[in-house]
Amino acid sequence: MLLATLLAFASHGAAAQTAVPDADGFTRPMERLRFNPQLNQREFERATLVALVNNDPWEEWNRRVYHFNQRFDEWVYLPVVDAYRFVTPRAVRSGVSHFFANLGEIPSLANHLLQLQGRDALHTTARLLLNTTLGLGGLWDPASRMGLARRSEDFGQTLGYWGVEEGPYLVLPLLGPSNLRDTGGLAFDTALGNTFDPAGATGLSAQATPYYGLMAVDRRYINAFRYGQLNSPFEYEKVRYVYTEARRLQIAE
């Protein structure tokens, strides 16, 4: 983020030269940088300081977990996802994703109600009913085709809505970036989903290992993030910043 802020102040005048990036993209990023003296230096300093401020007292532990997650992702998770993609037709993968997303509407509905969002609660209820009936248990998503886009909410957002502080940044094993408030919210949403689980009523979740294993594979399959894709030695800081700011924007909506 700091580098992006610096580059935003680079001069676009005729004297500025086009920078040729290094092979790795970050060894000498400042070598040909030219600053525009017409821009307000205070704005530059303020943006830089905001990007550096973080609440990460457990950073040493978080970095260890981040490193573990990266290795697990490379050596176990992604190979399993690649095998799943190879042996499963696209239509089946899409149906699996829709099915688990439909189950996720239940905690979303509860959190809409807890945030006193009546209109969104009705919207999510309509989605749940349409996709469960016309969508054959959620295997398809006719609600989106009818203009009812998914409006996901979680208990971490609900806590933030009612003024609960986010607390220290926290990297969870396998699950990735979070904070103390959102971790508690995740536990609540998980318990709520298990309590009101239509799949359990139909016996689909009776075999816990294949059921939750498929859920885990699907969640990684639909997540486009890949470790190392930022091509930066500051990937940990960037992920922390993006997650923190994204969560604040979601709560402020």
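Keep in mind the model is a prediction, meaning the values are calculated, not measured.
- In plain terms, the two heavy atoms of Tyr161 and Ile251 that are nearest each other are N-CG2, 3.8 Å.
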_Is there a side-chain contact (heavy atoms from CB on, under 4.5 Å) between Leu172 and Val65? Walk through the geometry before answering._
CA-CA 7 Å; Leu172 300 176; Val65 177; 6.0 Å; no
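- Of the N and O atoms on the side chains of Arg93 and Tyr84, not one donor lies less than 3.5 Å from an acceptor on the other residue.
- Within 6.0 Å of CD on Glu165 lie no more than 12 heavy atoms contributed by other residues, nucleotides or ligands.
- One distance of note links CG of Leu249 with OG1 of Thr244; it measures 11.0 Å at 0.5 Å rounding.
- Taking every heavy atom of both residues into account, Pro142 and Leu134 meet most closely at CG-CB, 4.0 Å.
- In this structure, Asn69 and Asp73 have side chains that are not in contact, with every pair of non-hydrogen atoms separated by 4.5 Å or more.
- No continuous path of ILVMFWY side-chain contacts below 4.5 Å connects Phe155 to Leu113, so the two sit in separate hydrophobic clusters.
- Asp218 contributes atom CG, which lies 3.5 Å from atom OG of Ser97 (distance to the nearest 0.5 angstrom).
- Distance check: Arg85 CZ to Leu78 CG gives 8.5 Å after rounding to the nearest 0.5 Å.
- Other residues, nucleotides and ligands place more than 12 heavy atoms under 6.0 Å from the CZ atom of Phe225.
- Within the 4.5 Å cutoff, the side chain of Thr125 has heavy atoms near those of the Leu109 side chain.
- Arg181 places a side-chain N or O within donor-acceptor distance of the main-chain N or O of Val164, the cut-off being under 3.5 Å.
- Going from atom CG of Asp182 over to atom CG of Leu170 covers 10.0 Å, rounded to the nearest 0.5 Å.
- Side chain to side chain, Asn102 and Thr132 meet the donor-acceptor criterion of an N or O pair below 3.5 Å.
- Counting only heavy atoms from C-beta outward, the side chains of Arg151 and Arg127 never approach each other to under 4.5 Å.
- The side-chain hydrogen bond (donor to acceptor under 3.5 Å, both in side chains) with Arg63 is formed by just one residue from the set Glu59, Glu60, His67; it is Glu59.
- Looking only at distances, a side-chain donor or acceptor of His123 sits under 3.5 Å from a matching main-chain atom of Ala149.
- The closest side-chain heavy-atom distance from Tyr169 to Asn54 is not below 4.5 Å.
- Atoms CD and CG, from Glu237 and Asp56 in turn, are 9.0 Å apart once rounded to the nearest 0.5 Å.
- A salt bridge links Arg248 with Glu245: the closest approach of a Lys/Arg side-chain nitrogen to an acidic carboxylate oxygen falls below 4.0 angstrom.
- Side-chain contact check for Ser144 and Asp141: at least one donor-acceptor pair (N or O, by modelled atom type) lies under 3.5 Å.
- Neither Val171 nor Leu180 shares a network with the other; the hydrophobic side chains, linked directly or stepwise wherever heavy atoms of I, L, V, M, F, W or Y lie under 4.5 Å apart, form separate groups for each.
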_Would Leu186 and Asp154 count as a side-chain contact (heavy atoms from CB on, under 4.5 Å) here? Give the steps._
CA-CA 8 Å; Leu186 176 63; Asp154 57 65; over 6 Å; no
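- When all heavy atoms of Asn179 and Gly167 are compared, the pair lying nearest together is CB-O, 4.2 Å.
- No donor-acceptor pair closer than 3.5 Å links the side chain of His112 to the backbone N or O of Leu122.
- Under a 4.0 Å N-O distance rule, the pair Glu235/Lys238 does not qualify as a salt bridge.
- Between Ser108 and Thr124, the side chains place no donor N or O within less than 3.5 Å of an acceptor N or O (distance only, hydrogens not considered).
- The two residues Arg247 and Gln250 have their closest heavy-atom pair at NH1-OE1, 2.9 Å.
- Look at Asp82 and Arg220 and you find no salt bridge, because none of the NZ, NE, NH1 or NH2 atoms lies under 4.0 Å from a carboxylate O.
- Atom CZ of Arg71 has more than 12 heavy atoms from other residues, nucleotides or ligands within 6.0 Å.
- With a 4.5 Å cut-off on side-chain heavy atoms, Leu148 and Leu130 count as touching.
- Judged by distance alone, the side chains of Gln115 and Gln157 never bring a donor and an acceptor atom under 3.5 Å apart.
- For Tyr236 and Tyr241, the ring centers sit 6.0 Å or farther from each other.
- Between the side chains of Asn111 and Asp189, at least one donor N or O sits under 3.5 Å from an acceptor N or O.
- The two residues Trp162 and Leu116 have their closest heavy-atom pair at CH2-CD1, 3.9 Å.
- Val76 and Tyr66 fall into different hydrophobic clusters, where Ile, Leu, Val, Met, Phe, Trp and Tyr are joined by side-chain heavy atoms under 4.5 Å apart, directly or via other members.
- The environment of CZ in Phe234 is sparse: at most 12 heavy-atom neighbours from other residues, nucleotides or ligands sit within 6.0 Å.
- Heavy atoms only, all atoms of each residue included: Thr183 and Ser178 are closest at OG1-OG, 3.1 Å.
- Cluster annotation: Phe86 and Tyr221 are assigned to distinct hydrophobic clusters (Ile/Leu/Val/Met/Phe/Trp/Tyr, side-chain heavy-atom contacts under 4.5 Å, transitive).
- Under a hydrophobic clustering in which Ile, Leu, Val, Met, Phe, Trp and Tyr are joined whenever their side-chain heavy atoms come within less than 4.5 Å, directly or via other members, Tyr211 and Leu174 fall into the same cluster.
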